[in-house]
There are 2 protein chains.
Amino acid sequence: MMSSKNTPTRTKILQASLELLEAGQGAEVRMSDIAKRAGISRQALYLHFATRTELLVETTLFVDDLKGADKRLAPSRAAKTGIERLEAFVEAWGGYMPEIYGVGRPMMAMMDTDEEAAKAWNQRMWDVREGCEAAIKALKADQTLSPVYSVNQATDLLWTLLSVRSWEQLTQQCGWSQKKYIKSMKTLAHNTFVVAGTNLSQGKSK
Amino acid sequence: MMSSKNTPTRTKILQASLELLEAGQGAEVRMSDIAKRAGISRQALYLHFATRTELLVETTLFVDDLKGADKRLAPSRAAKTGIERLEAFVEAWGGYMPEIYGVGRPMMAMMDTDEEAAKAWNQRMWDVREGCEAAIKALKADQTLSPVYSVNQATDLLWTLLSVRSWEQLTQQCGWSQKKYIKSMKTLAHNTFVVAGTNLSQGKSK
DNA sequence: CGCGTTACTTTACATGATGTCAAGTAAAAA
DNA sequence: TTTTTACTTGACATCATGTAAAGTAACGCG
């Protein structure tokens, strides 16, 4: 019974999985590949993870732990004004996406065929939506939310703007730099959701 | 040699493929499924299409033919002002996406594993980008393009806003109606790309 | 009429990945 | 010393794609 313990072998597997996923630019990451890299037999993987999907899901949690997802989003929660919060969130999440894209890409690919994978990934994306909602609600509280949108509509829209797919298209397909992406998204979010007449990065409302 | 002919059997296959893809809400569409529905043997499929990918790609072309992709985009090309053109394009493409989503979903799923599928789908999406670019250039020509963005940047952004993935998120995940999607996108595109002080649906510039 | 070609059928099989099963082993724990 | 734990080895089931080969029924044509 090793259940949810942090045994060294389990960690080695997750580490191997992560390395392959991050390196793999389209390269398949098979169970046998992961086993080889972790230095154990393919069968041994199944002693720790029931399915490939489960391993992948656990890898995404592993990466959150490593890269400190929570800490990154903290500044956004600490922001005083809604505008600052919106900006901080765009910056934090926008900066985090490249870190998880390595595992995110295969996860998104699996969503189409694997129910479990879809559930796990959607759950995580829903958490992101909550971040969006919090930022929008902070704007609303400051009365700096554009009257064009309801809180829900603005949240949906912001969430879509900041989706991994959109980030992927802009940075991978269009060749945008990370810097350009974040700057553009800040501008776009500001211009879209903040009531007219309030400047970027000058959140002294009232 | 049946090469690129429109034989009845070939059409039957494409028809069957299309029906299954459109019906299939996550249901797998295997070669055997398509064969069964077309009323022929699985092997016969390979007499008309070398691979599953090729069949899927051909199905997307088939659907364009059926739904009249070209005709739908015509109004956009005919628009007098840039603003009208932008609006018409959002409306046309936004209205077209649900029609192709049935085949688009599996195509996008295949992109991750199949090089050919990726090339075919990207090619089609690139055509959409050209539509975006034309609309943005029309704004530029009218001097109604917001000075915040260059033509390229605006094109990339509009293209991403109008991507199938974004449409998918808003309509499938967030539950937006088609009407709401198009209206919101029109507003968003207008507010983002049209120079301030110009109203929606009143394109008399000059 | 006979002949060959076309379009399809049937059966069999190779491949490649996931996942299962069972027996064996080496070292730590009891 | 025995037992348990963690892993190894090798064999096998499954499932979809794609290949291969031989058979058949209809059709056009000299």
Side-chain angles (χ1 to χ4, degrees), chain A residues 1-17 20-21 24 26-59 103 105-107 109-120, chain B residues 1-17 20-21 24 26-59 103 105-107 109-120:
Chain A
M1 234 130 295
M2 62 196 39
S3 60
S4 53
K5 266 296 167 204
N6 274 10
T7 74
T9 305
R10 186 190 152 92
T11 306
K12 246 193 331 188
I13 295 171
L14 289 171
Q15 186 69 44
S17 167
L20 285 175
L21 287 172
E28 313 277 338
V29 178
R30 287 157 296 214
M31 292 300 263
S32 52
D33 297 324
I34 298 172
K36 190 184 294 179
R37 178 152 252 247
I40 63 174
S41 71
R42 185 176 72 89
Q43 276 48 6
L45 292 182
Y46 291 96
L47 299 175
H48 295 267
F49 307 93
T51 65
R52 189 179 115 100
T53 299
E54 187 182 316
L55 199 169
L56 270 285
V57 170
E58 294 294 319
T59 306
V103 293
R105 216 179 100 92
M107 283 294 292
M110 293 177 62
M111 286 182 63
D112 304 288
T113 59
D114 192 307
E115 197 56 41
E116 282 307 303
K119 225 164 59 184
Chain B
M1 234 130 292
M2 61 198 37
S3 62
S4 51
K5 267 297 168 201
N6 273 11
T7 74
T9 305
R10 185 189 153 94
T11 306
K12 249 195 326 191
I13 295 171
L14 290 171
Q15 186 70 42
S17 166
L20 286 176
L21 288 171
E28 314 276 340
V29 178
R30 287 158 297 216
M31 292 300 264
S32 52
D33 298 323
I34 298 171
K36 190 184 294 179
R37 178 154 253 250
I40 61 173
S41 71
R42 186 177 72 89
Q43 311 331 330
L45 291 184
Y46 291 97
L47 298 175
H48 294 267
F49 307 93
T51 67
R52 189 179 116 100
T53 299
E54 187 182 315
L55 171 54
L56 271 284
V57 170
E58 294 294 320
T59 307
V103 292
R105 218 180 98 91
M107 281 295 292
M110 293 177 63
M111 284 182 64
D112 303 289
T113 58
D114 192 307
E115 197 56 42
E116 281 308 302
K119 224 164 60 183

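In what follows, chains carry the letters A, B, and so on, assigned in the order in which the sequence lines appear, proteins first and then strands, with residues in each chain numbered from 1.
Between the P atom of C/dT9 and the NE2 atom of B/His48 lies a distance of 9 Å, rounded to the nearest Å. A straight line from CD1 of B/Ile34 to P of D/dG18 spans 11 Å, rounded to a whole angstrom. D/dA25 atom P lies 19 Å from atom CD1 of B/Ile40, rounded to whole Å. When rounded to the nearest whole Å, the span between CG of A/Leu45 and P of D/dT9 equals 13 Å. Distance CD1 (A/Ile13) to C1' (D/dT8): 14 Å, rounded to an integer number of Å. Protein atom CG of B/Leu47 is 13 Å distant from nucleotide atom P of D/dA20, rounded to whole Å.
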Inset, instruction - Would you give a per-nucleotide map of nucleotides 13-30 of chain C, 5' to 3', where B means the base has a protein non-hydrogen atom under 4.0 Å away, S means only the sugar-phosphate does, and - means neither? - result: ----SBBBB---------

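Heavy-atom minimum distance, A/Met107 versus A/Ala117: CE-O, 3.8 Å. Closest approach of B/Asn6 to B/Thr11, counting heavy atoms only: O-OG1, 4.3 Å.
The CZ atom of B/Arg52 lies 5.0 Å from the CE atom of B/Met110; values are rounded to the nearest 0.5 Å.
Looking at A/Lys36 and A/Asp33, no side-chain N of the basic residue comes within less than 4.0 Å of a carboxylate O on the acidic one, giving no salt bridge.
In terms of modelled atom types and a separation under 3.5 Å, the side chain of B/Thr59 and the main chain of B/Leu55 share a donor-acceptor contact.
With sequence neighbours excluded, the residues forming a side-chain contact (heavy atoms from CB on, under 4.5 Å) with A/Ala118 are A/Met111, A/Asn122, listed by chain and number.
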